[in-house]
2 protein chains.
Amino acid sequence: MTVSKGELDRRLSEFRHRLSQAGIKVTHQRLEIFRELAQSAEHPDAETIFEAVRRRVPTISLDTVYRTLWLFVDLGVLHTLGPPRDRMRFDANVAPHHHFVCVQCGATHDFFCEECDAFRVPDEVRAMGSVHIKQMEVRGVCVKCQKASSKKIRASRKKEET
Amino acid sequence: MTVSKGELDRRLSEFRHRLSQAGIKVTHQRLEIFRELAQSAEHPDAETIFEAVRRRVPTISLDTVYRTLWLFVDLGVLHTLGPPRDRMRFDANVAPHHHFVCVQCGATHDFFCEECDAFRVPDEVRAMGSVHIKQMEVRGVCVKCQKASSKKIRASRKKEET
DNA sequence: CCTTTGATAAGAATAATTCTTATTTAAGAA
DNA sequence: TTCTTAAATAAGAATTATTCTTATCAAAGG
């Protein structure tokens, strides 16, 4: 599946705008990495993006791809799928339930929700494959990480005052 | 958050039953690894499980924990969170949308769904942290992997016939 | 209480991701 | 346009999660 020309252009100009606003250089590598992701409706991993971009920018390094992807995530122009930045997580609760996932530390909390349980998977989605389970995933920053980062901010403010 | 004694016992007896049915040995290590996961409503990674079980089974190895967890996943007594078994995946579509995730190859397809978009996150969940996005995650086996595995089965049948 | 086959421990190997450092380049100033 | 400089990149080393290899060990049935 590919994104339309118009949609791609919109995403690219939005992208340039965001980088400038944040005072971040618009490099050839960054543009091509973003273009590669923005023109695809799939969800490639870093290696796949690296291989694709390398065809156009032969000297690019895998490290740049990783660094750039995480930069984009921090800027909010990308998301990651599933729990973040670390290792596989396991869940012994095979009954229907739903998840709040912290995008910073990966902590995941169950919740129950009849409205979500009642969701009937559309035929369009059934055509993608056999359905095992369906669950609502709420992504955000958990209370613990919020506290931790507000502490950090306060600490760095104090530092700047001196 | 901890699971009640009754619920834990139910899960453990269900668990023993499943292993026996599948002709798989009920070892001390497997019981303790399962108990550790089943008594927790969190979603620990392998390392965390390893550290916890080690207090009770000091000679256990990290490798056994991994091997056992994947065995459990194959048996269906556990799930994993997010895309499976491999690397981080990225998504340049920050507009509201939802995912079909293949638990075998990790391929992830977008879909759109007004019913899911309309879901209002309950206060109980808001109390867990700040909410960035919410999305329905449908997990299953994609058409490609279904075809691949049916091919495999046919091939192994042919082999057995000889 | 044997036997056998599958399970485990230990450490080596692999593979994804990140770090270090020397070089290059974007972007604003002249 | 050219110069300046902080920021970005490439290359390869380092790190870390996960898996593999192989020599012991133990569950389950007889």
Side-chain angles (χ1 to χ4, degrees), chain A residues 12 15-34 36 43-75 77-78 80-90 104-106, chain B residues 15-34 36 43-75 77-78 80-90 105-106:
Chain A
L12 278 167
F15 167 76
R16 281 173 169 284
H17 184 72
R18 285 235 208 176
L19 289 204
S20 314
Q21 280 241 321
I24 285 175
K25 289 184 184 169
V26 180
T27 65
H28 186 38
Q29 290 90 336
R30 285 175 177 164
L31 264 171
E32 290 305 321
I33 290 169
F34 182 77
E36 189 57 38
H43 304 287
D45 55 49
E47 184 79 32
T48 304
I49 296 164
F50 172 62
E51 293 299 343
V53 171
R54 185 144 72 149
R55 276 180 234 135
R56 280 173 278 138
V57 190
T59 63
I60 200 167
S61 72
L62 181 56
D63 176 60
T64 295
V65 172
Y66 274 107
R67 215 172 347 90
T68 303
L69 289 171
W70 290 120
L71 171 72
F72 291 172
V73 170
D74 289 344
L75 288 173
V77 302
L78 289 189
T80 61
L81 265 46
R85 300 198 182 208
D86 57 355
R87 46 298 299 266
M88 185 56 80
R89 286 162 177 278
F90 299 88
Q104 266 174 43
C105 71
Chain B
F15 167 76
R16 283 174 168 281
H17 185 72
R18 285 235 209 176
L19 289 203
S20 314
Q21 279 240 322
I24 285 175
K25 288 182 183 170
V26 180
T27 65
H28 187 39
Q29 288 90 336
R30 285 176 177 164
L31 264 171
E32 291 305 320
I33 289 169
F34 182 78
E36 189 56 39
H43 304 286
D45 56 48
E47 185 79 33
T48 304
I49 296 165
F50 171 63
E51 293 300 342
V53 171
R54 186 144 71 149
R55 276 180 234 134
R56 279 172 280 138
V57 189
T59 62
I60 200 168
S61 72
L62 180 56
D63 176 61
T64 295
V65 172
Y66 274 107
R67 215 172 346 92
T68 303
L69 288 172
W70 290 120
L71 171 74
F72 291 172
V73 170
D74 289 343
L75 288 173
V77 303
L78 289 189
T80 60
L81 265 47
R85 300 201 180 201
D86 57 359
R87 49 286 318 252
M88 183 59 79
R89 283 159 179 280
F90 300 87
C105 71

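Chain letters run A, B, ... following the sequence lines, proteins first, then strands; residues in each count from 1. Just so we're clear, the structure is a prediction, and the values are computed from it rather than from any experiment.
- Nucleotide C:dA27 holds its C1' atom 13 Å from the CZ atom of A:Arg30, rounded to whole Å.
- Using a 4.0 Å heavy-atom distance criterion, B:Ile60 is classed as a sugar-phosphate-only contact.
- Annotation: the span from B:His28 atom NE2 to B:Thr59 atom OG1 amounts to 8.0 Å, rounded to 0.5 Å.
- To the nearest 0.5 angstrom, A:Ile33 atom CD1 is 4.0 Å from A:Ile60 atom CD1.
- The distance from atom CZ of A:Phe50 to atom P of C:dT18 is 15 Å, rounded to the nearest whole Å.
- Distance CD1 (A:Ile49) to C1' (C:dT17): 14 Å, rounded to an integer number of Å.
- The nearest whole Å value for the distance from the CD atom in A:Glu47 to the P atom in C:dT18 is 13 Å.
- The list of salt bridge (charged side-chain N to carboxylate O under 4.0 Å, His left out) pairs with a residue in residues 19-29 of chain A, not counting sequence neighbours, is empty.
- Residues passing the ring pair (Phe, Tyr, Trp, His ring centres under 6.0 Å) test with A:Phe15 are A:Phe34, A:Phe72, sequence neighbours excluded.
- Between A:Arg16 atom CZ and C:dA26 atom P the separation is 12 Å, expressed in whole Å.
- Atom-to-atom, CD of B:Glu32 to C1' of C:dT8 comes out at 15 Å; the value is rounded to the nearest Å.
- Regarding A:Arg54, its CZ atom lies at a distance of 17 Å from the P atom of D:dT9, rounded to whole Å.
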5' to 3', nucleotides 20-30 of chain D under a 4.0 Å protein heavy-atom cut-off (B base, S sugar-phosphate only, - none) gives B------BS--
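- Here A:Leu62 pairs with A:Glu47, A:Phe50, A:Tyr66 under the side chain to side chain contact (heavy atoms under 4.5 Å, CB included) rule; sequence neighbours left out.
- The phosphate of C:dT18 (OP1 or OP2) has a side-chain N or O of A:Trp70 nearer than 4.0 angstrom.
- Under the rule for a side-chain hydrogen bond (donor to acceptor under 3.5 Å, both in side chains), the partners of A:Arg67 that lie at least two apart in sequence or sit in another chain are A:Asp63, A:Thr64.
- For B:Arg56, the side-chain hydrogen bond (donor to acceptor under 3.5 Å, both in side chains) test picks out B:Glu32, B:Glu36, with sequence neighbours left out.
- Phosphate contact (OP1/OP2 of D:dA11, side-chain N/O of A:Ser61, threshold under 4.0 Å): absent.
- Of all non-hydrogen atoms in B:Ser20 and B:Val26, the two that sit nearest each other are OG-CG2, 4.4 Å.
- Rounded to 10 degrees, the angle separating the terminal axes of the helix from C:dC1-D:dG30 to C:dA30-D:dT1 is 40°, with each axis obtained from five end pairs.
- Taking atom CG on A:Leu62 and atom P on C:dA16, their separation rounds to 9 Å, with Å as the unit.
- Atom CG of B:Leu31 is separated from atom CG of B:Leu19 by 7.5 Å, given to the nearest 0.5 angstrom.
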